[in-house]
Protein chains: 2
Amino acid sequence: MFSKACEYGIRASIFIAIKSRSDIRVSLKDIARETDSPVSFTAKILQRLVKNNIIDSLKGPNGGFEIKKSKAGKIRLSHIVNAIDGDSIYKKCGLGFRNCNNKKPCPLHYKFTVVRENLRKMLEETTLLELSEDIERGQSFLKIN
Amino acid sequence: MFSKACEYGIRASIFIAIKSRSDIRVSLKDIARETDSPVSFTAKILQRLVKNNIIDSLKGPNGGFEIKKSKAGKIRLSHIVNAIDGDSIYKKCGLGFRNCNNKKPCPLHYKFTVVRENLRKMLEETTLLELSEDIERGQSFLKIN
DNA sequence: TTAATAAAGGACATATTTATCCGTTATTAA
DNA sequence: TTAATAACGGATAAATATGTCCTTTATTAA
Ligand code: FES
Ligand code: FES
């Protein structure tokens, strides 16, 4: 579904959002450890998220990554997915044809677009804030096993 | 969403199903041409579909691939996807964690499983027969642009 | 001003997916 | 029985995704 990069990116963003709620800036190492992600690979992904203005970063001692409190409620999963995997997940034909549209639909088109739209809506409706809150309430977990 | 192999596999299966409705056995070359797929790669995928008893093959002159008429209505997209991509699409955690279950859900779990189930149902409900019929009625197309 | 810290970024390494090539095997028709 | 045909299957190649390493740059605190 999502690329590994995207998976790590979402995990990292959620972790940063949680910590930022208590004004704690987190380092690359912390993020990688707490989200079970490879350190160096995560570094690249975080750079991309910074460039896309999803997370903020600060160099030097006491530096690290953060998400301004006021921002977490506005960041949607779709923003992260878009920054890392692009918009192919919303637009690509299920059978891999170049164009996907109602004009010349592939055999899967109508059934597939329903599923795709379902996914799109879910990603567009879900904010980092709400995911962080779930975790803080113990209803979900950022590290499994 | 699906691997390229799976995309080609679905395309090929639909094409074979259509031709088999008029008792025409099709060759690898025909399939590749009519579904815009790479010949040699498609060969491998067809082998896998044969082994999984989804399509039938016959060597030698007048040989080729076919799907017994009585079978097309019973073959579901899920069978093809399962044969090529396995069941990861139905089971894998959206954030890439090893186990996905309600016991220890990741932050995306509940929202993601809805989408995933949606996809699973679609694939399990859709038969090759109905996709072939859509094409024959001119409602969808197996070759685009 | 200096030393320590932490992200940024480029080059490189590995794994997986996608794709090709070619000899072998089975089948058919002449 | 022979020649032609078409799938089968193994080896290999190319492309992409995943992951590492190391040097540079910015920031901070002493
Ligand atoms: S054309 Fe294939 S999903 Fe739309
Ligand atoms: S645990 Fe992540 S989707 Fe179920």
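Chain A is the first sequence line, chain B the second, and so forth, proteins listed ahead of strands; every chain is numbered from 1. Keep in mind it's a predicted model, so treat the numbers as computed, not measured.
- Taking the side chain as every heavy atom from C-beta outward, A:Tyr8 and A:Ile84 never approach each other to under 4.5 Å.
- Between B:Ser57 and D:dA6 there is no side-chain polar atom (N or O) within less than 4.0 angstrom of OP1 or OP2.
- B:Leu46 places its CG atom 16 Å from the P atom of C:dT18, with the value rounded to the nearest Å.
- Side chains of A:Ile80 and A:Leu128 form a contact here, defined as non-hydrogen atoms less than 4.5 Å apart.
- Between B:Gln47 and D:dC8, a side-chain N or O to OP1/OP2 separation shorter than 4.0 Å is absent.
- Rounded to an integer number of Å, the gap from A:Ile45 CD1 to D:dA17 P is 13 Å.
- In this structure, the CD1 atom of B:Ile16 is 14 Å from the C1' atom of D:dA6, given to the nearest Å.
- Partner assigned to D:dT24 is C:dA7, using Watson-Crick or G-U wobble distances below 3.5 angstrom.
- Between B:Ser27 and D:dT5 there is no side-chain polar atom (N or O) within less than 4.0 angstrom of OP1 or OP2.
- Between the P atom of C:dT17 and the CG atom of B:Asp85 lies a distance of 9 Å, rounded to the nearest Å.
- As judged by a 4.0 angstrom heavy-atom cut-off over every strand, B:Leu58 is placed among residues touching the sugar-phosphate backbone only.
- For A:Lys44, the listed nucleotide lying nearest its side chain is C:dG9; candidates were C:dA7, C:dG9, D:dT18.
- Computed from coordinates, the B:Phe65 CZ to C:dT27 P distance equals 14 Å when rounded to whole Å.
- To the nearest angstrom, P of D:dA26 lies 19 Å from CG of A:Leu28.
- By the 30° and 60° cut-offs, the orientation of the rings of B:Phe2 relative to A:Phe112 is tilted.
- The shortest distance between the side-chain N/O atoms of B:Tyr8 and the OP1/OP2 oxygens of C:dT18 is not below 4.0 Å.
- Map B:Gly60 and B:Val50 each onto its nearest nucleotide of DNA chain D; the residue landing nearer the 5' end is B:Gly60.
- The cationic atom of B:Arg33 (NZ for Lys, CZ for Arg) does not lie both less than 6.0 Å from the six-membered ring centre of B:Phe15 and within 45° of the ring axis.
- Residue-level contact check: B:Lys29 touches neither bases nor backbone, having no heavy atom under 4.0 Å from any strand.
- Taking 4.0 Å as the cut-off between side-chain N and carboxylate O, B:Asp23 and B:Lys69 count as a salt-bridged pair.
- For the pair B:Lys59 NZ and D:dA7 P, the interatomic distance rounds to 10 Å; values are reported in whole Å.
- Nucleotide D:dA6 holds its P atom 11 Å from the CZ atom of B:Arg25, rounded to whole Å.
- The residue among A:Gly63 and A:Phe41 whose nearest nucleotide of DNA chain D is located toward the 5' end is A:Phe41.
- Here D:dA4 sits opposite C:dT27 as a Watson-Crick or G-U wobble pair (both hydrogen-bonding atom distances under 3.5 Å).
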